[in-house]
Amino acid sequence: MPLRCRAPLRLALSMALAGAAGQAAAIVGGTSTTAFGQVDSGVQITGNWVLTATHVAYGVGSLYGNGYGSASVAAVYHFGEAGFPADDLTLLRLATAIDAPALALEGTVLAPDTLSAPIAVTIATGSNQWPRGYGATWLQDVWPAFDADGSGPQPAATTNWLITATATLGEPYVQPGDSGGGLFLGHVSDSSSTLLGITSAAVTFDNGLHASAFVQLASYRAWIDATMAADPADHQQALWVSSVPEPASCALLLAGIAVLPALRKRAGHPTPARPAC
């Protein structure tokens, strides 16, 4: 059974917030690298366009920089205005292009309760990823919504989160300072792989174990395409591919589906999600 975020589970979420001018933090249990140059507190997907978490709070005139250069932000497009953790995704258009390789975005929507086995993924953060800028882990579950007060009066927020964790709910995981980073398909050591998500929250269970939450980009494909197409400043478009392996062919079956019920049992009650700020 996957890790689920439903009442009466109690979960501590912390925004992986880096802030527009902030410095990205090291991934807990990560490895140093300079090979994810498009990634900072936002991920550059084309010359002029960056995806980030809304709560990072970039504004027009802010400076965005990554391993390939920097540019001022000319336009900011939020998917929603409800506030963290709801729809924590923003598009930035840069005033001038940064010369970096474009990234392919995963176009297959992963639905809740459809993962028959974990999927190999890699977390990346920071412009130079030094120290401990990336880490190999596993996509364990999909949380379409998060209810901060369980059965209380506050309605659940739409999150479309991809939840990553190891079999022991330990390292690597994101921490405050990592918001806007990227989740890549496969256990990879550079950004040549498909981009699945944007870092949104650090998840801590009430027994001190950890997971990480990423906004699933495929859930927002129509909005991303429409927003980029409607901006008259350039004619750049996102590149979408379908790279997620079919569960039957996924090498992770070797890890054993039986690990999922064990994860939930060990996790106990998750204690509120914090933005990874």
We want to know whether W161 and D88 form a side-chain donor-acceptor pair, criterion being a heavy-atom distance below 3.5 angstrom. no
Taking the side chain as every heavy atom from C-beta outward, state whether L183 and L162 have any atom pair closer than 4.5 Å. yes
Please check if atom CD in E171 has more than 12 non-hydrogen atoms from other residues, nucleotides or ligands closer than 6.0 Å. yes
List the atom pairs, with distances to 0.1 Å, where a side-chain N or O of residues 190-198 and a protein N or O form a donor-acceptor pair under 3.5 Å, not counting sequence neighbours.
{"from": "D190", "atom 1": "OD1", "to": "S192", "atom 2": "N", "distance (Å)": "3.0"}
{"from": "D190", "atom 1": "OD1", "to": "S192", "atom 2": "OG", "distance (Å)": "2.5"}
{"from": "S191", "atom 1": "OG", "to": "Q38", "atom 2": "OE1", "distance (Å)": "2.7"}
{"from": "S193", "atom 1": "OG", "to": "L185", "atom 2": "O", "distance (Å)": "2.4"}
{"from": "T194", "atom 1": "OG1", "to": "S243", "atom 2": "OG", "distance (Å)": "3.0"}

Just so I know, are the side chains of V73 and R93 near enough to count as touching, which here means a heavy-atom distance under 4.5 Å? no
Taking side chain as C-beta onward, heavy atoms only, is V50 less than 4.5 Å from I45? no
What's the separation between atom CG in L91 and atom CE in M228, rounded to the nearest 0.5 Å? 6.5 Å
Heavy-atom side-chain proximity of L217 to L51 below 4.5 angstrom: yes
Y58 and S41: side-chain donor and acceptor closer than 3.5 Å? yes
Indicate whether any N or O donor in one side chain lies under 3.5 Å from an N or O acceptor in the other, for T122 and H187. no
Does one side chain, of N160 or Q216, offer a donor that lies under 3.5 Å from an acceptor on the other? no
Taking only residues two or more places apart in sequence, or in another chain, which ones meet D87 in a salt bridge (charged side-chain N to carboxylate O under 4.0 Å, His left out)? none
Assess whether side-chain contact (heavy atoms from CB on, under 4.5 Å) is satisfied between N66 and I98, documenting all intermediate values. CA-CA 9 Å; N66 60 29; I98 296 175; 4.0 Å; yes
Decide if the gap between the ring center of F184 and the ring center of Y134 is smaller than 6.0 angstrom. no
Between H210 and T164, is any pair of side-chain heavy atoms under 4.5 Å apart? no
Test item: T204 side-chain N/O and G208 main-chain N/O as donor-acceptor pair under 3.5 Å: no
In Å, rounded to the nearest 0.5 Å, how long is the span from OG of S62 to CG of L94? 11.0 Å
Side chains of T108 and S242, donor plus acceptor under 3.5 Å: yes
Tell me whether Y77 is reachable from Y220 by hopping between hydrophobic residues (I, L, V, M, F, W, Y) whose side-chain heavy atoms are closer than 4.5 Å. yes
Just so I know, are the side chains of W49 and D234 near enough to count as touching, which here means a heavy-atom distance under 4.5 Å? yes
Quick one: are D178 and I27 in side-chain contact, heavy atoms under 4.5 Å? yes
Partner residues of R132 under the salt bridge (charged side-chain N to carboxylate O under 4.0 Å, His left out) criterion, sequence neighbours left out: none
Do V28 and F36 share a hydrophobic cluster, counting only Ile, Leu, Val, Met, Phe, Trp and Tyr and linking them when any side-chain heavy atoms are less than 4.5 Å apart? no
Interatomic distance, T227 atom OG1 to D231 atom CG [nearest 0.5 angstrom]: 9.0 Å
Backbone N/O of G180 and side chain of T52: donor-acceptor pair under 3.5 Å: no
Are any of the side-chain heavy atoms of T54 and F84 separated by less than 4.5 Å? no
